[in-house]
Novice: 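I'd like to ask you about the structure that follows.
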Amino acid sequence: MAKIFHDKDADLRVLKDKTIAIVGYGNQGHAQGANLKESGLDVIAADLPGSSAWKRAESDGIRVMTVSEAAEKADYIQMLLPDELQARIYREQIAPHMTEGKILGFSHGFNIRYFQIVPPRDVDVVMVAPKGPGDLVRRTYQEGIGVPCLVAVEQDSSGYALKRALAYAKGIGGTRAGVIQTTFTEETETDLFGEQVDLCGGVTEMVKATFETLVEAGYQPEIAYFEACHELKLIVDLIYEGGFMRMWNNVSNTAEYGGMTRGARIINEESREEMKMILSEIQSGEFAREWLLEGQAGLPVKKSLEKIEAEHPIETVGAELRAMMPWLQKK
Ligand code: NDP
Ligand code: MG
């Protein structure tokens with residue numbers, strides 16, 4: 001079982017004499033930065049001059065500057081730039097200031113795991129990764145609860161790397177909820193696997209295949225949309241809140257029997273074999289190479305697939321039906 005740290009396991013004083021730079025005041029940056037400041041730590045921020053993120057940092061009362069200025073001033077540099085830009089910005093603006101004894105922090109392990117950023121040996125390299133979006137990290141902190149986080153140490157040059165990362169996690173409110181220890185490798189590989197196989201890739205293909213099967217068999221697309229897509233949220237909410245048994249107990253007996261007997265025919269041995277293939281592509285770095293080259297090429301595959309997806313009939317019928325349910329629209 002995983003090691004889980006709580007408030008009593010972390011000491012904010014470990015970071016009292018340190019300046020923390022939030023590099024990238026975006027989704028995660030604004031939340032982590034504002035929480036750390038409210039926890040009494042010395043926080044500065046970096047973002048693009050003139051951007052809305054820059055103004056947001058100012059209005060949060062945080063000193064904001066360019067990346068290279070922040071990297072020079074700070075002892076603890078938290079990388080909260082978009083993952084695909086981190087390596088270049090690190091090389092050009094951060095590496096020259098990565099002097100002995102500093103701490104380089106991340107909220108996702110990709111760039112370290114796949115050697116896009118190779119920090120010097122005499123700095124600590126750590127991860128504190130909230131398991132939720134920035135707005136939730138900020139709101140729960142203000143409510144006095146906090147979002148669970150992952151913590152990892154890739155490089156412990158000082159001998160205090162874990163203590164420092166745990167203090168950071170406490171500063172953003174994470175230890176109130178609980179902080180689970182992992183490694184950069186585990187966090188990165190499981191994150192990629194989850195989004196490819198289950199969360200993003202698996203779910204959309206399952207919804208499309210369900211919809212297409214019904215429509216090809218002559219059922220109306222509107223009815224197919226409700227069954228394949230709309231009702232998915234109700235099921236996922238039940239599982240999210242109370243686990244599989246809450247869900248099975250809240251659907252009809254017919255749904256429970258049908259689902260329990262048929263599900264394994266859909267995610268069958270062949271699907272599981274393919275999952276293992278996908279996992280081995282992640283472990284070998286093959287997926288990372290493909291994605292990094294795709295980025296360098298200007299995203300030709302991503303853009304093409306987005307176009308095809310946007311033109312799928314489920315998107316048209318879905319938009320019409322969602323317009324009948326205005327309460328679904330958030331801001
Ligand atoms: P965002 O894109 O929301 O924020 C990145 C910020 O960096 C933006 O304000 C962006 O400005 C700014 N930026 C872009 N280019 C530069 C530059 N050249 N110089 C200075 N600033 C720049 O990213 P996220 O917060 O979503 O992600 C940050 C990290 O957190 C990633 O490692 C991600 O994997 C991780 N993470 C994210 C989670 C999430 O829920 N979003 C959850 C857990 C981890 P602009 O918007 O103008 O481009
Ligand atoms: Mg993830």
Side-chain angles (χ1 to χ4, degrees), residues 20-36 43-60 62-74 76-97 104-114 116-117 119 125-141 146-152 154 165 168-169 172-174 177 179-180 182 184-196 199-200 282 288 291-292 295 299:
I20 303 171
I22 299 293
V23 178
Y25 206 77
N27 184 321
Q28 280 297 321
H30 87 83
Q32 296 186 22
N35 291 1
L36 291 168
V43 182
I44 59 178
D47 209 287
L48 290 166
S51 65
S52 59
W54 182 290
K55 290 187 195 92
R56 186 173 198 180
E58 281 178 338
S59 74
D60 289 345
I62 291 174
R63 251 187 328 141
V64 49
M65 55 202 80
T66 65
V67 173
S68 83
E69 282 174 301
E72 187 184 356
K73 283 199 172 64
Y76 191 135
I77 296 155
Q78 178 76 355
M79 291 288 276
L80 295 175
L81 298 160
D83 294 302
E84 63 275 20
L85 302 182
Q86 287 186 9
R88 183 177 52 79
I89 298 173
Y90 176 85
R91 215 179 313 119
E92 292 170 358
Q93 302 188 62
I94 299 175
H97 308 294
L104 185 62
F106 293 84
S107 285
H108 178 41
F110 187 96
N111 282 289
I112 292 290
R113 167 62 186 84
Y114 294 113
Q116 300 303 295
I117 292 176
V125 181
V126 300
M127 169 168 26
V128 175
K131 294 311 295 176
D135 287 342
L136 190 69
V137 172
R138 182 65 187 137
R139 179 164 60 77
T140 53
Y141 180 91
V147 169
C149 292
L150 304 182
V151 68
E154 178 73 11
Y168 187 101
I172 65 171
V179 175
I180 303 172
T182 183
F184 275 64
T185 297
E186 183 178 60
E187 185 272 340
T188 305
E189 294 177 1
T190 56
D191 185 72
L192 293 171
F193 185 71
E195 65 204 17
Q196 292 176 17
L199 308 175
C200 307
I282 291 168
W291 170 230
L292 289 163
L299 306 175

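Counting starts at 1 for both ligands and their atoms, following the listed order.
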Novice: Can A46 be said to touch ligand 1, with heavy atoms closer than 4.0 Å?
Specialist: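 It does not; every heavy atom stays at 4.0 Å or beyond.
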Novice: Test of understanding: given a 4.0 Å heavy-atom threshold, classify the contact between I89 and ligand 1 as side chain, backbone, both, or neither.
Specialist: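 Side chain only; the backbone of I89 stays clear of ligand 1.
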Novice: Can you report which non-hydrogen protein atom sits closest to atom 4 (O) of ligand 1, along with the distance?
Specialist: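 Of the protein heavy atoms, G26 CA, 3.3 Å lies nearest.
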Novice: Hey, is the main chain of H97 close enough, under 3.5 Å, to the side chain of E72 for a donor-acceptor pair?
Specialist: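 Judged by distance alone, no pair lies under 3.5 Å.
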Novice: Identify, by atom number and element, the atoms of ligand 1 in contact range of P133, meaning under 4.0 Å from any of its heavy atoms.
Specialist: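 Ligand 1 atoms under the 4.0 Å threshold to P133: 40 (O).
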Novice: Is the closest heavy atom of S51 to ligand 1 under 4.0 Å?
Specialist: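 Under 4.0 Å: no for S51.
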Novice: Give a yes or no on whether the backbone of G132 and the side-chain of Q28 come within a donor-acceptor separation of less than 3.5 Å.
Specialist: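 Side chain of Q28 to backbone of G132: a pair is present.
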Novice: Report the nearest protein non-hydrogen atom to atom 7 (O) of ligand 1: residue, atom name, distance rounded to 0.1 Å.
Specialist: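 For this ligand atom, the closest protein heavy atom is G24 CA, 3.4 Å.
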Novice: Going by the atom numbers of ligand 1, which of them fall below 4.0 Å from some non-hydrogen atom of A53?
Specialist: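 Ligand 1 atoms under the 4.0 Å threshold to A53: 9 (O).
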Novice: Between the side chain of N27 and the main-chain N/O of G134, is any donor-acceptor distance below 3.5 Å?
Specialist: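 Yes, N27 side chain to G134 backbone: donor-acceptor pair under 3.5 Å.
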Novice: Counting heavy atoms only, which of L48, T66, V137, I22 comes nearest to atom 19 (N) of ligand 1?
Specialist: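 Heavy atom nearest to atom 19 (N) of ligand 1 belongs to L48.
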Novice: Are the side chain of Q93 and the backbone N or O of Y90 linked by a donor-acceptor pair below 3.5 Å?
Specialist: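 Answer holds: no.
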Novice: Between Y25 and H30, how do the two ring planes meet: parallel, tilted or perpendicular, split at 30° and 60°?
Specialist: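 Perpendicular.
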Novice: Measuring from atom SG of C149 to atom CD1 of I172, what distance do you get when rounded to the nearest 0.5 angstrom?
Specialist: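 Answer for the SG-CD1 pair, C149 versus I172, is 4.0 Å.
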Novice: Any idea which protein heavy atom is nearest atom 22 (C) of ligand 1, and the distance to it?
Specialist: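 Going by distance alone, atom 22 (C) of ligand 1 is nearest to L81 CD2, 3.5 Å.
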Novice: Can you give me the closest heavy-atom contact between Q32 and S107, atom names plus distance?
Specialist: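 So the two residues come closest at NE2-OG, 3.0 Å.
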Novice: In terms of residue, atom name and distance, what is the protein heavy atom nearest to atom 44 (C) of ligand 1?
Specialist: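 Atom 44 (C) of ligand 1 sits closest to the protein heavy atom S107 O, 3.5 Å.
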Novice: Quick one: look up the protein heavy atom nearest atom 34 (O) of ligand 1 and list residue, atom name and how far away it is.
Specialist: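 For atom 34 (O) of ligand 1, the nearest protein heavy atom is D83 OD2, 2.7 Å.
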Novice: Whether the side chain of K55 engages the backbone of G50 through a donor-acceptor N/O pair (distance < 3.5 Å, no angle test) should be reported.
Specialist: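 Between the backbone of G50 and the side chain of K55 there is a qualifying donor-acceptor contact (under 3.5 Å).
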Novice: May I ask you to check if ligand 1 and N27 share an N or O to N or O distance below 3.5 Å?
Specialist: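 Among all N and O atoms of N27, at least one is under 3.5 Å from an N or O of ligand 1.
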Novice: Less than 3.5 Å between some nitrogen or oxygen of H108 and one of ligand 1, yes or no?
Specialist: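 No, since none of the N or O atoms of H108 sits under 3.5 Å from an N or O of ligand 1.
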Novice: Find the distance between CG (L48) and OG1 (T66) and round it off to the nearest 0.5 Å.
Specialist: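 Going from the CG atom of L48 to the OG1 atom of T66 covers 10.5 Å.
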Novice: Just to confirm my output: which protein heavy-atom neighbour is closest to atom 36 (N) of ligand 1, and how far is it?
Specialist: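 Ranking protein heavy atoms by distance from atom 36 (N) of ligand 1, first comes Q28 CG, 3.7 Å.
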Novice: As an exercise, identify every atom of ligand 1 less than 4.0 angstrom from a heavy atom of V67.
Specialist: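 What qualifies from ligand 1 is 19 (N), 20 (C).
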Novice: Check whether any heavy atom of Q93 sits under 4.0 Å from an atom of ligand 1.
Specialist: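 Heavy atoms of Q93 never come under 4.0 Å of ligand 1.
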Novice: Give the residue, atom name and distance (to 0.1 Å) of the protein heavy atom nearest atom 2 (O) of ligand 1.
Specialist: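 Minimum-distance protein heavy atom for atom 2 (O) of ligand 1 reads P82 CG, 3.8 Å.
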Novice: Yes or no, since that's all I need: does a protein heavy atom fall within a distance strictly under 4.0 Å of atom 48 (O) of ligand 1?
Specialist: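 No, there is none.
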Novice: Please check: side-chain N/O of T188 versus main-chain N/O of R113, any donor-acceptor pairing under 3.5 Å?
Specialist: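 Absent.
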Novice: Ligand 1 versus Q86, non-hydrogen atoms closer than 4.0 Å: side chain, backbone, both, neither?
Specialist: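 Side chain only.
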Novice: Got a second to check how far T182's OG1 is from L150's CG, nearest 0.5 Å?
Specialist: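 CG of L150 is found 6.0 Å from OG1 of T182.
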Novice: How far is atom 28 (C) of ligand 1 from the closest protein heavy atom, and which atom is that?
Specialist: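 Here the nearest protein heavy atom works out to L80 O, 3.3 Å.
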Novice: Side chains of Q86 and Q116: closer than 4.5 Å at any heavy-atom pair?
Specialist: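 Side chain of Q86 against side chain of Q116, heavy atoms only: no contact under 4.5 Å found.
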Novice: Identify, by atom number and element, the atoms of ligand 1 in contact range of P130, meaning under 4.0 Å from any of its heavy atoms.
Specialist: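 Taking each heavy atom of P130 in turn, ligand 1 has 43 (C) under 4.0 Å.
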Novice: Quick one: does I112's side chain get under 4.5 Å of F106's, heavy atoms only?
Specialist: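 Heavy-atom side-chain distance check passes, below 4.5 Å.
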